[in-house]
Structure formats: structure tokens, C-alpha cells
Amino acid sequence: MPKSHSDIGLIGLAVMGQNLALNIADHGFQISVYNRTTEKTDKFVAENPNTPGGLKGTKTLEEFVQSLAKPRKMVILVQAGKATDAVIDGLVPLLEQGDIVIDGGNALWTDTIRREKALAAKGLRFIGSGVSGGEEGARFGPSLMPGGEFAAWKELKPIWEAVAAKVDAKTGRPLTGATPGKPVVGGVPCTTYIGENGAGHYVKMIHNGIEYGDMQMICEAYALMKGLLGLKPAEMGAIFSEWNTGILDSFLIEITADILKQKDPVSKKPFVDIVLDTAGQKGTGKWTSTNALDMGVPAPTIAEAVFARCISAIKEERVAASKILKGPSKKYRGSKKALIAAIHDALYCSKICSYAQGFQLMRTAQKEYNWKLNFGEIAQIWRGGCIIRAAFLQKITEAYARKPDLANLLLDPYFNKTVKKAQENWRKVISLAAECGVAAPTFSSALAYYDSYRSARLPANLLQSQRDFFGAHTYERVDQARGKFFHIDWPEPSRPQIAS
Ligand code: NBP
């Protein structure tokens with residue numbers, strides 16, 4: 001028997017909206033759905049008549065709003081940006097004090113801050129919740145990163161905890177096996193209150209930036225095995241499968257193994273070999289890198305991952321350049337087994353640096369926006385449901401449990417020891433990549449980050465001298481307290497004589 005009013009509503013029935021709505025209904029919540037194009041709503045409701053909670057299709061925003069139990073809770077899952085604003089503008093006149101609007105799209109966190117403020121001024125509550133895990137995550141358990149008013153989160157919490165991915169309480173491993181109508185029972189939900197206003201969407205953006213890094217690092221491991229050892233995709237697939245049983249155990253390593261073993265159904269060749277080498281992007285990696293530059297936080301590995309996609313996109317230019325620009329002819333002649341082990345270590349060390357950068361960004365942003373982020377919990381809710389889910393995240397949670405105000409992940413004893421042990425291999429791989437002409441931008445930038453971060457003295461003394469020379473930008477002295485600035489009168493730079 002359908003309830004007179006639904007527990008929650010959802011607007012936007014594209015891939016994410018349909019799957020999240022079914023997930024919510026699978027957990028026994030009655031959900032009202034609305035989509036701008038009504039045919040999609042009708043089709044969706046007709047195709048899913050028997051969900052445990054029940055779907056209620058609505059044809060207008062008015063009907064949608066009136067169908068919800070108060071205080072009303074409604075999730076928006078439409079295209080981020082203007083479409084989200086259009087939906088909010090349509091909803092606001094129909095809502096009452098205390099109603100809760102939840103944006104589950106990939107919103108820019110500053111938009112979320114703006115929207116939360118505007119709605120709060122009207123007595124409405126707004127939650128910006130990152131939803132990670134793509135289509136599959138939305139259907140059977142995403143990682144959910146909600147930010148906004150805490151009291152509003154408490155109202156949403158039972159639904160969000162029910163639909164989120166679950167991990168085993170002891171091992172932290174994702175609980176799998178959900179099927180339509182039969183969600184996973186028990187386990188620790190991959191959601192927690194992140195912080196005020198835009199905190200949830202900010203953390204989701206960092207998640208995506210880290211995801212860019214992880215994906216590119218895996219591609220570099222593949223490029224090195226291919227370029228230095230000449231391995232075939234299926235052999236590499238077996239190596240990635242093996243890596244997935246150790247410290248690199250993660251969703252992205254697992255799917256990489258599957259992709260490398262896949263044959264193209266048309267040509268029967270290895271699938272990866274027939275895919276054009278140009279990667280697309282939707283912008284969250286760029287947002288992360290822009291924000292790093294804006295805040296002055298070094299996140300070079302994440303930025304290199306974005307640039308790697310940019311350089312991949314100029315395919316025709318690269319093909320033309322490949323006919324003109326020559327690299328070294330050196331070939332690797334050492335042990336295959338030793339190099340595979342070294343690439344594994346280089347990947348793990350680079351990954352640690354990339355995550356260190358992501359967490360540094362969140363650490364700085366929380367000061368900028370006055371959030372109180374719990375880094376251990378953030379790592380914990382990324383253990384299931386999302387694209388970067390990995391056994392390694394448990395190590396990050398443990399690091400922040402040891403020291404909640406950890407300045408940098410690299411300083412944690414586990415990560416410090418790991419990098420110390422593996423760095424010889426890491427350096428060997430990068431030297432070989434340079435000598436043999438295989439591009440490894442994220443591996444190399446991660447090592448440069450590590451070497452810079454561990455340097456008590458960088459060559460910036462010379463750089464600041466240059467700034468003082470040409471722009472009187474002043475400098476601080478090693479023999480004086482910080483914050484005291486000096487300038488000297490530099491000689492005129494010597495210029496070449498112009499012949500008369
Ligand atoms: P899309 O981002 O492709 O958006 C399509 C939906 O937006 C449709 O329901 C469409 O309605 C609606 N829409 C648009 Br476009 N303009 C509208 C407007 N002015 N007013 C009302 N509705 C409008 O859908 P998606 O890929 O399911 O993603 C939804 C959100 O989730 C996005 O913010 C996305 O960034 C985020 N996200 C996506 C993924 C993923 O893997 N796809 C993962 C994580 C987060 P229509 O049917 O009438 O055109």
C-alpha cells in the first residue's frame with residue numbers, strides 16, 4: 001500500500017538519478033521522482049513497478065513537491081551548473097521553511113556555498129553531497145560526502161546511511177553482492193557528515209583529483225611495462241591481477257587487469273590496442289589543480305595527471321611531432337622480474353605522494369573555509385563505493401587515528417617507512433624511463449615532490465635573489481628572524497655592446 005507522502009524525492013532521471021532512486025527504493029523508502037522531460041519519468045516508473053519502497057512518478061514540480069512528507073527532502077541529480085540553478089529556482093517558490101534540498105551532482109563547491117547561503121536566507125536548508133561510484137555505485141552503494149547544515153544532515157542521515165556502500169567493520173573491505181531488490185545488509189556505511197556548506201562537494205572534488213592521479217599512475221606503470229619490457233596486454237593484465245592481491249589492492253587496479261585481458265569483439269585483438277589514445281575529462285581534476293594554484297598548495301602530481309590528459313588530446317599534433325622529434329635508442333636489458341617489482345614500488349610511492357597532496361589541499365581549504373574536516377573519516381568513507389576505493393585507504397585512516405593533526409601523510413611512520421624501503425626502486429624506474437624515453441609525468445613529479453618536501457634547503461634562495469635583483473621584491477636572511485625583509489642595491493646587469 002503506497003504511503004500518502006513519499007519519504008524523499010529525486011529530480012533528474014538520467015544515469016545517476018535513475019540508479020540512486022532505485023537504490024533508495026530498494027531500502028524500503030518510498031521515493032517520488034521528477035524529470036524535466038516527462039516521458040523519461042513515465043518510462044522509468046513503468047519499467048520498475050515492484051521496488052520494495054515504491055516509486056511515485058510526478059509530472060510537474062508542484063505535484064512533486066506536494067507528494068513529499070514534511071520536512072520535505074529532495075535530491076537533485078541534474079547536470080551540474082546552470083541546470084542545478086534552474087531546478088533550484090523552480091523549486092524555491094514551492095517549498096516551506098525547513099525543507100531540505102540536496103544537490104547530489106558534481107557541483108563546484110563555491111556554487112554550493114552560494115546556494116546554501118541563498119536558501120538559508122529563505123529559511124530553506126541545503127545539502128551539497130558528493131556522490132561517487134558512477135552508475136554502479138549509485139545503484140548498489142555509492143560513497144556519499146554530504147556537507148551543509150548539521151541538523152539537516154541528521155534528517156537525511158537514515159536514508160544516506162542506508163543507501164551508501166558498506167564496508168566490513170574489521171577489514172574495511174567493501175561488502176559486495178547487492179542485486180536489485182536485495183541490498184547489502186550490515187557493515188559500516190561509506191558516508192559521514194563532512195562539514196558546513198560546500199565541504200562535501202569540496203571533498204568530492206579532491207576525491208576526483210586523486211582519481212585522476214591514480215588513473216594516470218596506472219597508465220604510466222602500463223607504459224613502462226610496455227615500453228621497457230615489451231609486455232603484451234594479457235601479460236600485464238596478469239601482473240595487475242597479482243598486484244591487486246597486495247598493497248595496491250583497489251578498484252582501479254582490478255578493472256585495469258580486466259581491461260588488459262579483454263579482447264576487442266570486432267577485431268579479436270587486445271581491446272586496449274584498438275582504443276584511440278586520447279582521454280577526455282569533465283573538469284573536476286582541473287578544478288582541483290586550479291584550487292591548488294589559488295591556495296598555493298603544491299599538488300603537482302594531480303596537475304600532471306590533468307596535463308597528461310591534455311597532451312593525450314592533441315593526437316594529430318603528437319603524430320606529426322613523432323616524425324620529427326627523436327628520443328634515445330637505449331633499451332632495458334636487465335631482469336624482467338626486478339623491473340616489474342620496481343614499477344610496482346614506483347606506483348605505490350607515487351600514489352602515496354598524490355594522496356599526500358590531496359590531503360594537504362583539504363587541510364588548507366578547511367582553514368580557508370572554517371571547516372572541521374575529519375581526515376581519517378574521509379579516508380574511511382572512500383573505502384567502498386567510490387572509484388578510488390582501495391585497501392590503502394585503511395592505512396590513511398590509521399595514520400590520522402595516530403595523529404589527527406598530521407602535517408603530511410609522508411610524515412606518518414607507516415608511509416615514511418614504506419617510501420624509505422621502496423624509494424631505490426622508485427628512483428631506478430624514473431631514471432630508466434628518462435634514459436629510455438618513456439614519459440612518466442606523475443611518477444616523476446611525485447618523486448620531485450618527495451625530494452622537495454624533504455629538503456630543508458631548496459634553491460629558492462637563488463630565485464628570491466633574482467626577484468630582488470630585477471624587481472626589488474626583497475629577501476629574508478638565514479641569519480635573521482623570519483618576517484624581516486631586506487633589499488640590496490644591485491649592479492646594473494651587464495649588457496652586450498651594440499656595434500655602432
Ligand atoms: P547529466 O549530467 O547528463 O544530466 C542529465 C539530467 O539533467 C537529465 O535528467 C536532464 O533532464 C537534466 N537537466 C538538464 Br541537462 N538541464 C536541466 C534543466 N535546465 N532543468 C531540469 N533538468 C535539467 O546526468 P548524470 O550523468 O546522471 O549526472 C547527474 C549529476 O551527477 C551530474 O551533476 C554529474 O556531474 C553527477 N555525477 C555523475 C556521475 C556519472 O558517472 N555520470 C558520477 C558522479 C556524479 P532531461 O531528461 O529533461 O534532459
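Just so it is clear, the values below take in all heavy atoms, side chains as well, and ignore hydrogens, waters and symmetry mates. Keep in mind the model is a prediction, meaning the values are calculated, not measured. Just follow the structure's listing: the first ligand is 1, and inside any ligand the first atom is 1.
Proximity to Leu13 (heavy-atom distance under 4.0 Å) selects the following atoms of ligand 1: 9 (O). The Val87 neighbourhood of ligand 1 comprises atoms 20 (N), 21 (C), with distances under 4.0 Å to a heavy atom of that residue. Close approach of ligand 1 to Asn35 is summarised as follows: ligand atoms under 4.0 Å from at least one heavy atom of the residue are 8 (C), 9 (O), 11 (O), 46 (P), 47 (O), 48 (O). Counting atoms of ligand 1 from 1 in the listed order, those under 4.0 Å from a heavy atom of Leu77 are 29 (C), 30 (C), 31 (O). Per-residue contacts place Val131 under 4.0 angstrom from the following atoms of ligand 1 (heavy atoms of the residue considered): 44 (C), 45 (C). Heavy-atom proximity to Gly12, at under 4.0 Å, picks out these atoms of ligand 1: 9 (O).
Between Gly134 and ligand 1, not a single N/O pair is under 3.5 Å apart.
In this structure, a donor-acceptor pair under 3.5 Å is absent between the side chains of Asn291 and Thr288. Side-chain N/O atoms of Thr301 and Ser445 include a donor and acceptor closer than 3.5 Å. A donor-acceptor contact closer than 3.5 angstrom links the side chains of Asp214 and Tyr355.
When Glu304, Gln216, Lys351, Glu220 are each tested for a side-chain hydrogen bond (donor to acceptor under 3.5 Å, both in side chains) with Thr442, only one passes: Glu220.
Ionic pairing of Glu155 and Arg125 is present here: one or more N-O contacts between side-chain nitrogen and carboxylate oxygen are shorter than 4.0 angstrom.
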